[in-house]
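Just so we're clear, the structure is a prediction, and the values are computed from it rather than from any experiment. Order of the sequence lines sets the chain letters (A, B, ...), proteins ahead of strands, with each chain counted from 1.
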Amino acid sequence: MSLVHAHDLKAFYGDAQALFGVDFRVEQGEVVAIIGANGAGKSTFLKALTGLVKVPRDAVLFDGQPIGSLPPGEIVKRGLAKVPEGRRLFPSLSVEENLLMGAFAGRPGPWDLARLYAMFPILKEKRLNPGTSLSGGQQQMVAIGRALMANPSVLLCDELSLGLAPIVIQEIYAALPRITAEGMSVVVVEQDVSVAMRVSQRVVCLQEGRVSLEGASSALTREQISAAYFGVYA
Amino acid sequence: MIETLLQGLLLGGLYSLFALGLSLMFGVMRLTNTAQGDFIVLGGFAAITAAAQFALHPAIAVLLLLPVAFGVGYALQRWVLNGTLGRDPLPSLVVTFGLSIVVQNALLELFSADPRSLDSGGLNTQSLALGAVNVGVLPLLIFGVAVVCTAGLQWLFTATKLGRAFRAVSDDREIAELMGLSAHTVYALATAIAFVLIAIAGSLQAMRTTVSPSDGPLLLLFAFEAVIIGGMGSFWGSFAGAMLLGLTQQIGFRIDPGWGLWAGHVMFLAVLVVRPQGLFPKTRG
């Protein structure tokens, strides 16, 4: 049984349909990358998984249980946490307070402040600073740390590399093996295809709200990805 | 002149109690409670009624009123005001305006238009000699309560888990809910605390002077002016705003008994023109 299973997932913003029957699975300990152009439905898909976009109850199963109609707070308590696009730290809260907000759901697990500070030592130095006063890369570390504090079984990362310098992206993704070391699954939404291929075991490409390609990262060719990404077939 | 300044600060203490609940509700959920003044009056009448009906010492009556106010505030937010929140501030303004009319008319129906006061057990006639100046014990006590309430609220906001939740939902409700918070519950707790402050303010107003069903709009105006002068959502800012308002009114009264309230309004307008965000905007952690 897959840890996360979305079946025939359709999502709407008012009358506008954004997802058209997406099928998607994540196994325990797996790193899956979701790629696709702007407007392909990647972020909507993550919002549907986390309860921010309402979908039918049985359209998303987590550990075999339907979570499609649950509120976001209930979904994080079940074990699905998200690093939102654009980081969205709380401006009124310090770095440490932002991290502590992640633990609000109260799930037990290995991640606590000490472990996060060991992984990102700069955050300990700046723990009393306002979260939004940090550099983009450091803010991304806080956003990842905040999600990890929920001790999720599945970590959903929306556009981690957005607006960051390549060296910073490398530093952020270097933390991934430590995150997955104890069996946590990770779903990474990425526009940067090369980064997505490098960090994931499996890639799912979305195009106009539909899955246009799926396969092992090591097995897919550049041509296949280009065709699925842009919808241009030779 | 020293006596005038001192009286102004003490009056500011009462105004800051009027303002704290308003500041809290705006700071957490951007809700402007236009029924604030009428709820303060309601709190005063509730304390008067409790003390009279059950023959209670006024302090006991006020203490018993606080958990009731907490419950009323929680229920009002949970089942009425939460439904009005959104990007458009108009629904909450209209609903609280409607509540203000309901409260005023209900009080008129129940208690008539006569002003009433809460027996303070002689506190309102006692005074302390501070050098050459005599200061009323009750205004001094009210000032002390205002300082304690402001400091307590600031501590709650900056040093507790609930305060973090208040700030988080105020910053970004969607992300706060992703962390496992229920924004509706957090909002209800904020209003519950605001209503405890409203009950304290109403009881002390009824002890210091009188309350009548039509007083609400003027009390709202004082609360609103204090909050705007200090900066919306900032507790010590509201406190400072209330002090400035009290001082200005007292100086106005000293110049001419008819100028007091007018002087306060002029100072409020001046701040609005020169520094529309207020003197100390938004409480930060």
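Rounded to the nearest 0.5 angstrom, A/Asn98 CG and B/Arg164 CZ are separated by 10.0 Å. Atoms CE and NZ, from B/Met179 and A/Lys77 in turn, are 13.0 Å apart once rounded to the nearest 0.5 Å.
Residues meeting the ring-ring contact (aromatic ring centres under 6.0 Å, His included) test with B/Tyr187, sequence neighbours left out: none.
Environment of CZ in B/Phe224: sparse, with no more than 12 heavy atoms of neighbouring residues, nucleotides or ligands closer than 6.0 Å. Shown here is A/Glu171, whose CD atom has no more than 12 heavy atoms of other residues, nucleotides or ligands within 6.0 Å. A 6.0 Å sphere centred on OH of A/Tyr173 holds more than 12 heavy atoms belonging to other residues, nucleotides or ligands. Heavy-atom contacts from other residues, nucleotides or ligands closer than 6.0 Å to CD of A/Glu208 number 12 or fewer. Under a cut-off of 6.0 angstrom, the local environment of NE2 in A/His7 is sparse, with at most 12 non-hydrogen atoms contributed by other residues, nucleotides or ligands.
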TODO: Dump the intermediate steps for side-chain contact (heavy atoms from CB on, under 4.5 Å) on B/Leu178 and A/Val76, then the final yes or no.
DONE: CA-CA 7 Å; B/Leu178 266 183; A/Val76 73; over 6 Å; no
Side-chain donor-acceptor pairs under 3.5 Å in residues 57-65 of chain A, sequence neighbours left out?
none

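Counting heavy atoms from C-beta outward, A/Glu97 and B/Arg167 have side chains that approach closer than 4.5 Å. In this structure, B/Ile175 and A/Met101 have side chains that are not in contact, with every pair of non-hydrogen atoms separated by 4.5 Å or more.
At a heavy-atom separation below 4.5 angstrom, chain B is approached by no residue within residues 107-144 of chain A. Below 4.5 Å, heavy atoms of chain B meet heavy atoms from A/Thr50, A/Leu52, all part of residues 27-56 of chain A.
Judged by distance alone, with hydrogens and angles left aside, the side-chain atoms of B/Asp171 form a donor-acceptor pair with the main-chain N or O of A/Ser92 at under 3.5 Å.
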